[in-house]
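All chains are named by letter (A, B, ...) in the order of the sequence lines, taking the proteins before the strands, and each is independently numbered beginning at 1. Hydrogens, waters and symmetry mates play no part in the numbers below; they use all other heavy atoms, side chains included.
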Amino acid sequence: MADPVKSKRHWLEHPATQNFLIPIFAVILSFAVGAIFILIVGQNPFQVYSVLFSETLGTSYGVGQLLFKTTPLIFAGLSVAICFKGGLFNIGAEGQLQIGAFMTALVGMYTVGVPAFLEIPLLVLAGMVGGGIWGFIPGYLKAKTGAHEVINTIMLNFIAAALVSFFVTNLFNVPATVHTPDIAPTGRIPRFDTIFSSFSGSPVNFSILIAVLAAVAVWYYVDKTRYGYELRVVGLNSKAAEYGGISVSKNIILSMTIGGAIAGLVGTNYVMGYKYYFEEGFSTGTGFMGIAVALLGNNNPFGVILAALLFGMLEYGGLVINTMVPKELVSILQAIVIIFVISSNKIFRKIVVNFLKKRTLRVND
Amino acid sequence: MISQIFSLAFLAQTIRITVPYSLASLGGVYSERGGVVNIALEGIILNGAFCATVGTYYTGSPWFGLLCGIAGGLLVAAIHAVISIHVKADQIISGIALNLFAVGITKFVLELLFQSSSNSPRIAGLPYIKLGFIQNQPDVAHLLGNPLVLLTVLIVVASHFIIFKTRFGLRLRSVGENPEAADTVGINVTWYRYYGVLISGVLAGLAGAWLAFDQHSFTDGMSAGRGYIALAAMIVGKWNPLGAAAACLLFGFAESLQIQLQGGTLPTQFIQMIPYLATIIVLAGFIGKSVAPGADGIPYEKEK
């Protein structure tokens with residue numbers, strides 16, 4: 001055991017250990033609670049979970065489906081995480097990704113004939129601009145009027161849904177449908193199965209590389225640049241930042257806009273890589289799931305990727321266990337994970353402190 | 001068009017939409033006046049609707065179903081209260097998680113009980129009081145004679161009185177505004193915050209029961225964003241019971257107008273946006289500033 005004089009801190013007390021252990025602790029606990037639900041249905045939890053894992057991780061088709069579900073979760077998770085770093089709570093990723101994906105489709109349908117090396121960056125940019133605008137609005141309102149971003153982003157989610165609904169039922173739709181015409185063929189992002197035949201049938205596509213690149217970019221921006229430093233200072237203590245000469249309002253607007261822009265990239269997966277058009281109702285709460293992903297990933301870009309993989313697995317996993325238990329089991333699991341993560345930040349630390357106290361008392365006896 | 005709008009049927013439609021908004025919105029007022037942000041309203045409504053349906057279906061008694069609806073709402077609110085007040089975790093995230101949880105659990109049990117992932121069998125509605133003066137329009141008569149309509153009006157008026165004129169209300173507001181000061185004069189901050197959140201569970205649970213009885217069944221996700229509209233109305237109404245109810249009436253009016261104008265020249269999506277735009281405008285202070293209670297959303301840490 002470590003010499004108590006030399007190391008004042010037990011390894012369990014170290015923040016890095018806790019940041020790593022708490023999410024794992026939360027996931028294991030939620031699977032345990034999920035087992036109770038499975039038992040209520042009259043099934044064997046081990047059997048259900050083994051099907052859940054083997055059908056998602058054990059086949060290349062399953063992995064393909066999992067990765068396809070993971071991609072938008074990475075974007076949404078990064079969007080929430082970068083705002084968290086700046087001290088802001090972005091509940092608006094859902095609206096931002098709607099507007100972003102719609103912009104991607106809109107620009108895509110009007111730019112037929114542009115070569116791929118221009119078209120793809122153009123559509124990616126369109127998504128970022130759309131999402132960015134939708135993130136800028138609550139950022140600007142917060143900076144200029146103090147209006148809370150949580151309420152405003154919730155409201156903007158509904159406004160975005162109504163707005164794109166109006167567009168795809170009245171203005172930019174293929175007649176008698178609620179989707180836009182196809183984007184230019186040069187704007188398509190290839191699917192994995194065009195290169196690796198084992199992924200055949202699964203819609204996973206190379207937009208997942210954009211997601212990983214975005215994670216690296218967020219990491220670099222937040223941890224390695226001056227702007228990222230300012231963002232973190234504002235997030236930790238906005239008063240101190242102001243005294244230190246950092247403009248809080250500029251950083252609020254900037255982090256919300258960047259967060260929105262990242263959420264706007266969701267269209268790369270759905271519009272550019274899968275359907276090739278924007279459809280009303282294409283996202284079923286991805287933006288909200290991004291909050292869970294960011295929390296579980298501890299707002300670290302690489303943690304976000306891991307958390308998105310887990311949630312992506314659960315999202316596809318619900319379908320493979322549906323014959324044994326209602327697929328809503330996974331929504332319950334996801335909700336419980338979130339509750340455990342936010343609760344265990346306090347509870348886990350308390351347990352560790354008590355455990356260490358008892359031990360020291362014993363040693364002293 | 002004007003005659004269409006000022007008809008009894010239109011009035012009934014507006015009331016039908018406004019009742020659940022008002023109940024949930026008042027719930028939000030109680031919770032947030034006590035200092036706990038309650039985004040879980042959406043999940044409370046959904047679970048209330050589900051439990052009211054199940055209770056009515058198995059006993060055949062809508063009154064028992066109504067109690068089940070209240071209990072279902074209370075259950076979700078109680079979880080939110082424990083997480084927010086005892087564990088002192090983030091209230092907004094707790095609310096979002098509980099909304100997700102409510103969607104999952106109601107569909108899960110729906111499939112177990114009724115082997116359907118979309119809707120329950122038909123249930124009876126609440127008995128209505130016979131009103132003599134509008135016999136030619138039975139739909140309108142049934143609605144206006146619904147005991148929950150009367151109850152909602154009573155609750156709105158009583159809430160104004162309770163929050164601003166009673167000792168309970170003063171204490172509730174004090175733990176939401178300045179818990180340290182409240183604690184100093186001997187008010188139990190924890191208990192009062194629990195009261196606020198639990199009352200919101202009862203009221204939003206009632207809102208859910210209303211939806212179930214109005215539709216005579218439970219359908220998956222039937223709260224359909226009403227919890228968020230209730231939250232919006234609470235803000236537009238500046239955290240006051242009467243203001244919140246007035247905002248709900250305004251939103252209900254806009255929504256029934258939208259139903260009335262369906263298929264017309266004005267796109268319905270723009271009318272749909274009204275509550276949300278109104279909230280943003282009010283929050284930004286363009287039309288009278290709306291300010292949340294001082295300690296809204298902040299867990300109370302007693303100093304040792």
Check your understanding: What are the two closest non-hydrogen atoms of Ala162(A) and Gln269(B), and how far apart are they?
Key -> O-CG, 3.3 Å
**Study point:** Contacts of Phe50(B) that satisfy ring-ring contact (aromatic ring centres under 6.0 Å, His included) - sequence neighbours left out
**Key:** Phe218(B)
Point to revise | Nearest heavy-atom neighbours spanning Leu112(B) and Pro326(A) | key: CD2-CG, 4.4 Å
Point to revise | Interchain contact, Ile291(A) with chain B, by part (heavy-atom threshold 4.5 Å) | key: side chain
Exercise for review: Measure the spacing between OG1 of Thr279(B) and CZ of Phe158(A) and express it to the nearest 0.5 Å.
Suggested key: 10.5 Å
**Study point:** Close side-chain approach of Phe101(B) and Ile332(A), heavy atoms under 4.5 Å
**Key:** yes
Exercise for review: Check whether the side chains of Glu328(A) and Ser117(B) place a donor and an acceptor atom closer than 3.5 Å, and report yes or no.
Suggested key: no
**Study point:** Closest non-hydrogen atom pair between Ala284(B) and Leu141(A), with its separation
**Key:** CB-CD2, 4.1 Å
Exercise for review: Might you work through the side chain to side chain contact (heavy atoms under 4.5 Å, CB included) test for Gln272(B) and Ile159(A), ending with a clear yes or no?
Suggested key: CA-CA 8 Å; Gln272(B) 257 169 35; Ile159(A) 295 174; over 6 Å; no
Review point. What's the verdict on side chain to side chain contact (heavy atoms under 4.5 Å, CB included) for Phe108(B) and Leu329(A), showing C-alpha distance, side-chain angles and the deciding distance?
Key: CA-CA 7 Å; Phe108(B) 187 86; Leu329(A) 177 73; 4.1 Å; yes
Point to revise | Check: Leu283(B) and Met155(A) side chains under 4.5 Å, non-hydrogen atoms | key: no
Exercise for review: Mind checking the CD1-CG spacing from Ile235(B) to Asn152(A)? Nearest 0.5 Å is all I need.
Suggested key: 8.5 Å
Point to revise | Heavy-atom pairs under 4.5 Å with chain B, option from Asn170(A), Val337(A), Leu163(A), Leu333(A) with the top count | key: Leu163(A)
Review point. Which one of Val41(A), Val325(A), Leu156(A) has the most heavy-atom pairs closer than 4.5 Å to chain B?
Key: Val41(A)
Check your understanding: Where does Ser344(A) contact chain B at under 4.5 Å (heavy atoms): side chain, backbone, both or neither?
Key -> neither
Can you list, pair by pair, the side-chain donor-acceptor contacts under 3.5 Å of residues 73-99 of chain B, counting residues two or more places apart and other chains?
from     : atom 1 : to        : atom 2 : distance (Å)
His80(B) : ND1    : Ser94(B)  : OG     : 2.9
His80(B) : NE2    : Val37(B)  : O      : 2.9
Ser84(B) : OG     : His80(B)  : O      : 2.7
His86(B) : ND1    : Tyr194(B) : OH     : 2.8
Lys88(B) : NZ     : Tyr300(B) : O      : 3.4
Asp90(B) : OD1    : Ile92(B)  : N      : 2.9
Asp90(B) : OD1    : Ile93(B)  : N      : 3.1
Gln91(B) : OE1    : Val37(B)  : N      : 2.9
Asn99(B) : OD1    : Gly43(B)  : N      : 2.8
Asn99(B) : ND2    : Ile39(B)  : O      : 3.0
Asn99(B) : ND2    : Gly95(B)  : O      : 3.4
Asn99(B) : ND2    : Tyr228(B) : OH     : 3.1

Point to revise | Greater than 12 external heavy atoms within 6.0 Å of Tyr49(A)'s OH | key: yes
**Study point:** Straight-line distance of Lys327(A) NZ to Glu111(B) CD, nearest 0.5 Å
**Key:** 6.0 Å
Review point. So which part of Phe37(A) gets closer than 4.5 Å to some heavy atom of chain B, the side chain, the backbone, both or neither?
Key: both
Check your understanding: So Tyr276(B) and Asn157(A), side chain to side chain contact (heavy atoms under 4.5 Å, CB included) or not? Walk me through it.
Key -> CA-CA 9 Å; Tyr276(B) 314 116; Asn157(A) 284 341; over 6 Å; no
